[in-house]
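The first residue of the sequence shown is numbered 1, and numbering continues consecutively from there. The basis for the numbers below is simple: all heavy atoms, side chains too, and nothing from hydrogens, waters or symmetry mates.
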Amino acid sequence: MITFEQLQSKQEAICVVGLGYVGLPLAVLLSEHFHVLGFDIDTKKIAELEKGYDRTGEVTKERLEKSSLTYSADPQTIAQAKFIIIAVPTPVDSHNIPNLSIVKSATRLVAEHMQKGSIVVYESTVYPGVTEDMCLPIIEEVSGLSLHTEFGIAYSPERVNPGDKKHTIDKITKVISGSNEAVFVVLEEVYGSITNTFRAVSIKAAEAAKVIENTQRDVNIALMNELAMIFHKMDLSIYDVLEAANTKWNFLPFTPGLVGGHCIGVDPYYLTYKAQELGHTPEVMLSGRGINDAMHVFMANDILKKALQLGKDIASLQVAFYGMTFKENVPDIRNSKVVSLYKELCSFGMKPFVYDPYVDKDELMHEYGIPLVSDRDDIPVVDILIVAVAHRDFAIYCIDELMYLTKEHALIVDIKHLYNKEEIEKSGRSYWSL
Ligand SMILES: NC(=O)c1ccc[n+]([C@@H]2O[C@H](COP(=O)([O-])OP(=O)(O)OC[C@H]3O[C@@H](n4cnc5c(N)ncnc54)[C@H](O)[C@@H]3O)[C@@H](O)[C@H]2O)c1
C-alpha cells in the first residue's frame, strides 16, 4: 500500500477527481505539500484552470498561478497517482431521490485506471453505506484488485463552506475513516499536513456524520421558518423575537430563510431515502424539508399582499431583484430558492429586472431562462426593490443608497434582514422582511 513517506517525498502523487467547489481548493492546498494532479471531465473547466481562472471564485488567480497543481481531462492522469480523492457531485433527482450516477461513473473511471497499492478516498456527501456497499464492489469488479491487500478505501467528508473566507479547509477539522489501520494512518498524515483530523470509528459513521450536520441545520432553519410564518400572523418580527430569545445561554442562533443549493437542501434527502429503504419514515426531517422547500411560496404571497398596497396594477410596477445565487458571496445558482421566489413573483405578473454581480449572465439564461442586467445603473428607479441575497456588496447599502434605487413610496423587500426597518419607513418607503 502507498505510504505517507512516498507521498511526502513526491515519489508518488495524489489525484483529485472533480475540481469543483470542494475539489479545487483542496487540491490547491494539498499541492503546497505534495505532488498533486487535478482531473475533471469538464474540458472547458480544465482550459479555464490552465489559464488561472476558477469560475467558482474560491481560488484566486494568483494562488492558482503559484500552485504546482496540474490539470487534465485525460483519465490516464488517475493512473499516475496512488492516493485518489473523489469529490464529484451527489445531487437528487426531480423526486428528491439520491442520484448516485456521477459517483458511480467516477468510481468506474478510477477503477479502470488505478494502480495496485492505491487508496481511494471519497469526499462527496452520501448516505451511510454508499462507500462500502456501492462503490467498493464497483472498484473490485472493474479493477480486479482486492481490498486490503491491493488497495484501500476511505471516506473523509468535506465540510468547507464556499464563500466563507473564515472557515477555510485549513481551519476545519477533517473527519477521516478508512478500510483498515494502514489506510487510516496515511489519511491521518496526508490530511494532517493541512489541518487537524478526527478519526471516525468507521466509514459509515463518517458518512453519517456529514449528512446529519446538514440535516441538523435544515431542521433548525425549518423551525425558524415555521415560527416566522406564525409570528407574521401576529404582526411580530421573528428577528425581534430571536434577539430576545438569543440572550438565553442554550438558545441556538438559527435564522429563517430560503434553503437552496446542493448541500443543506439536498443532503437530508440522502438520509431520508436510506431511512425509508430500511422501513423507517423520518417525520421530522421530511417535514422540515417540506417547510423549507415551500418557504418561497409563503414569501411570495406575503410580498404580493404588500405590493398590492402600493395601489398600482402589479404588471405595471417596476421591480428589481438583487441576488440570484443560493447564498451570499458565491456565483452558485444551482437549486437556488431565490430563483423559485423570482418565478413565483413572475407568476403574479411582475417582471423584475435581475441584478447579481456574482452570477454568470449566460449561465443564468441557460439554466433558468432569466436575463441578467450586468450594470446596476441600467435598472430604472423602482417601485419594489427585493434584496434576496446577502452579498457583501448589498449588505453595505446605507439608507441613502436604498433611497437612490427606489421611488418615494416604494416597497423594500429585505429577505436577509440586512437593513434598518425604522430608517426605511421614515424615508417614506414600506418594508417587508420575515
Ligand atoms: N459545495 C459545497 O458547499 C460542498 C460542501 C461540502 C461537501 N460538498 C459535497 O462535495 C461534493 C462535490 O460538490 P461540489 O460543490 O464540489 O461540486 P461541483 O459541481 O462544484 O464540482 C464537481 C466537479 O466534478 C466534476 N465531475 C463530474 N463527474 C466527474 C467524473 N466522472 N470525473 C471527474 N470529474 C467529474 C464536475 O465536472 C465538477 O467540476 C458533493 O457531494 C457535495 O455534496 C459540497
Side-chain angles (χ1 to χ4, degrees), residues 1-2 14-20 22-23 26-27 37-41 75 77-79 81-93 97-159 174-184 186-187 190-191 199-212 214 262-263 266-267 269-271 273-275 277-278:
M1 195 80 67
I2 173 88
I14 294 175
C15 178
V16 177
V17 176
L19 300 173
V22 164
L26 177 70
L37 314 167
F39 168 72
D40 201 293
I41 50 167
T77 310
I78 300 165
K82 279 196 179 166
F83 191 94
I84 302 156
I85 297 172
I86 300 182
V88 296
T90 43
V92 287
D93 68 13
I97 305 291
N99 172 2
L100 288 162
S101 63
I102 306 170
V103 171
K104 279 187 193 165
S105 67
T107 300
R108 225 168 266 122
L109 204 60
V110 166
E112 278 165 12
H113 295 89
M114 69 192 252
Q115 306 173 57
K116 208 167 157 176
S118 297
I119 293 176
V120 182
V121 190
Y122 288 86
E123 291 225 3
S124 300
T125 306
V126 292
Y127 55 76
V130 168
T131 304
E132 289 162 299
D133 304 340
M134 188 194 84
C135 299
L136 177 58
I138 297 175
I139 298 182
E140 285 178 315
E141 191 199 321
V142 177
S143 70
L145 300 173
S146 307
L147 182 68
H148 302 312
T149 50
E150 293 178 304
F151 76 95
I153 197 163
Y155 182 78
S156 178
E158 186 48 75
R159 298 160 131 180
K174 198 88 174 88
V175 171
I176 54 170
S177 62
S179 49
N180 63 21
E181 181 58 23
V183 171
F184 249 127
V186 181
L187 255 76
V190 169
Y191 287 116
R199 277 188 182 220
V201 295
S202 65
I203 288 179
K204 286 190 175 73
E207 292 170 321
K210 169 66 198 180
V211 87
I212 69 157
N214 283 345
H262 42 96
C263 288
V266 166
D267 299 351
Y269 286 126
Y270 271 70
L271 193 52
Y273 169 83
K274 189 64 192 172
E277 205 184 65
L278 297 169

Side chains of Thr107 and Lys104 in contact at under 4.5 Å (non-hydrogen atoms):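 No, every pair of side-chain atoms sits at 4.5 Å or beyond.
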Are Tyr155 and Val126 close enough that some pair of their side-chain heavy atoms sits under 4.5 Å apart? yes
In terms of side-chain geometry, is the basic nitrogen of Glu141 or Arg108 positioned less than 4.0 Å from the acidic oxygen of its partner? no
Do NZ/NE/NH1/NH2 and the carboxylate oxygens of Lys204 and Glu207 come within less than 4.0 Å? no
Scan Ile78, Thr77, Val16 and name whichever one has a side-chain contact (heavy atoms from CB on, under 4.5 Å) with Leu37.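 Result for side-chain contact (heavy atoms from CB on, under 4.5 Å) with Leu37: Thr77.
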So, Tyr270 side chain and Ile97 main chain: donor-acceptor pair closer than 3.5 Å or not?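 Checked: no pair found.
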Counting only N and O atoms by type, is there a donor-acceptor contact under 3.5 Å from the side chain of Ser156 to the main-chain atoms of Val175? yes
So, for [X] and [Y], which heavy atoms are closest and what is the spacing to 0.1 Å?
X      : Y      : answer
Lys210 : Arg159 : NZ-CA, 4.0 Å
Thr90  : Val266 : O-CG1, 3.8 Å
Phe39  : Cys15  : CB-SG, 3.9 Å
Asp40  : Leu19  : OD2-N, 2.7 Å

Could you grab the distance from atom [atom1] of [X] to atom [atom2] of [Y], nearest 0.5 Å is fine?
X      : Y      : atom1 : atom2 : result
Tyr122 : Ile84  : OH    : CD1   : 9.5 Å
Glu158 : Ser124 : CD    : OG    : 10.5 Å
Lys174 : Leu26  : NZ    : CG    : 6.5 Å
Leu145 : Ile139 : CG    : CD1   : 9.5 Å
Ser179 : Glu132 : OG    : CD    : 8.0 Å
Leu136 : Leu147 : CG    : CG    : 5.0 Å

How are the rings of Phe83 and Tyr191 set to each other: parallel, tilted or perpendicular (split at 30° and 60°)?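 Judged by the thresholds at 30° and 60°, the geometry between Phe83 and Tyr191 is perpendicular.
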